[in-house]
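Inspection log for the structure reproduced underneath, given as structure tokens.
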Amino acid sequence: MLLTFEQALAIVKEKLSEACPNPAAEILPLSQVQGRVLAEDIAADRDYPPFDRSTRDGYAVRSADLRFVPATLECLGEVRAGEHFGSAVGAGQCVQIMTGAPLPAGADAVVMVEYVRSESSRPEVTRAVGPFENVVRQGSETAMGSVVLRRGQRLGASEIGLLASVGRAQVRVFRQPRVAILPTGDEIVPFDQPPGPFQIRNSNAVTLAAQVAAAGGIPRQFGIARDDKEALRRLIQEGLESDLLLLSGGVSVGKYDFVGQVLGEMGGEFFVQGVAMRPGKPLVFGCLQQRFFFGLPGNPVSTYVTFALFVRPAIGMLGGAEFEPPVFLRARLGKPHRRKLGLTMFVPARVETRDREPVVNVVEWQGSGDLVGVAAANCFLVVHPDQMDLAAGEWVDVLPKGQ
Ligand code: AMP
Ligand code: MG
């Protein structure tokens, strides 16, 4: 029996979490950690913010002085970001303050400059403020010593910014897994050579290499395997030197689809052999010589989709990251869509915002060999096996293409 898409994904997660020893780590400067996975917890080196910080340009005041407005206050001077006001604000007094500056002692709020009538030494305030309005309290974002980023977290732009703000110029990250990419097929030729009339350029290997790199792995290419058991065996053995082996093509039920057979003969253990989904039904996942392998169906869209759903999270876990499953978002269906019974379908589609709502429509495509259709799409419409014919306006799942 075929596994459902959810069951197959759960197996990938389970097998990788059981087997994954922590990968080796290395220390890198912040300029080199984009997309990498943290190998250490990061603690705040001081309170954030480090002082009660004004979020506005305006006047630091005692909120109790503004119970009745307009109120005229005595201005003692100014405090700029990076400075500190030397004396305390007393009853009826205020200090002009800039965004990012520390709140002077005695003051407990900031009035925005827009609500102050004159900038003389006796400004008139026209609006009341509550205690600590327009102020972020010291330590309210995080207290000194608290963990702000965890081991296993992936570093994107905002995380790298946070590392910089807590004073980490270099951090310990996990080494990236090496991912061997092995395309198979007698008809497949290198993409930079002219193909014969019935030959097909090897597009899968470059697609997969780009996907591997985006998933945080290091792609390794080492040729194209013929549909020949001996050739396959030799190249599979070479691929097992990497941390993960991806094969494309040759996993279906055709007379020359030898990939499953050869992996089995070499002692491979299979955890997934077929998934109730389209494209991607013949997917295999297993383990051989203590390395995981995926046999991805060769049709370019099948390869692309099965990578996004199953291989990307697997590469993450091999690289020490938390399990990062594909996330489906919701959109309204533009035109009605017929489904195929019993399978999870991933249909190239475009989602656009209309009247403040996401609306998705499938693009024209000729099935799982059609990269032209996928290039015109920005997502996949996900149709679950239990969904009846989908009507226009229904909320449906979509898988954004970037994942
Ligand atoms: P297979 O899974 O081997 O039966 O291949 C299915 C379809 O995908 C066939 O039409 C192949 O020509 C095509 N295909 C297989 N491998 C590749 C590849 N590396 N690049 C482009 N197309 C491929
Ligand atoms: Mg083939």
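All ligand and atom numbering here is 1-based and tracks the order in the structure.
The pair Glu133-Arg127 does not meet the salt-bridge criterion, since no charged nitrogen lies less than 4.0 angstrom from a carboxylate oxygen. Ion pairing between Arg154 and Glu322 fails under the 4.0 Å rule for side-chain N and carboxylate O. Ion pairing between a basic and an acidic side chain is recognised when a charged N comes within 4.0 Å of a carboxylate O; Glu265 and Arg233 show such pairing.
Each of Leu244, Leu246, Leu288, Val259 was scored for a side chain to side chain contact (heavy atoms under 4.5 Å, CB included) with Phe293, with one residue passing: Leu288.
Ring to ring, Phe292 and Phe285 are close: their centroids are under 6.0 angstrom apart.
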Give every pair formed by an N or O atom of ligand 1 and a protein N or O atom closer than 3.5 Å, one pair per line with both atom names and the distance to 0.1 Å, or write none.
unit_1: ligand 1; atom_1: 2 (O); unit_2: Gly298; atom_2: N; d: 2.9
unit_1: ligand 1; atom_1: 3 (O); unit_2: Gly250; atom_2: N; d: 2.8
unit_1: ligand 1; atom_1: 8 (O); unit_2: Gly298; atom_2: O; d: 3.2
unit_1: ligand 1; atom_1: 8 (O); unit_2: Asn299; atom_2: N; d: 3.2
unit_1: ligand 1; atom_1: 12 (O); unit_2: Glu187; atom_2: OE2; d: 2.6
unit_1: ligand 1; atom_1: 14 (N); unit_2: Gly298; atom_2: O; d: 3.2
unit_1: ligand 1; atom_1: 19 (N); unit_2: Asn202; atom_2: OD1; d: 3.0
unit_1: ligand 1; atom_1: 20 (N); unit_2: Ser203; atom_2: N; d: 3.2
unit_1: ligand 1; atom_1: 20 (N); unit_2: Asn204; atom_2: N; d: 3.3

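Applying the side chain to side chain donor-acceptor pair (under 3.5 Å) rule to Arg150 yields no partners; only residues at least two apart in sequence or on another chain are considered.
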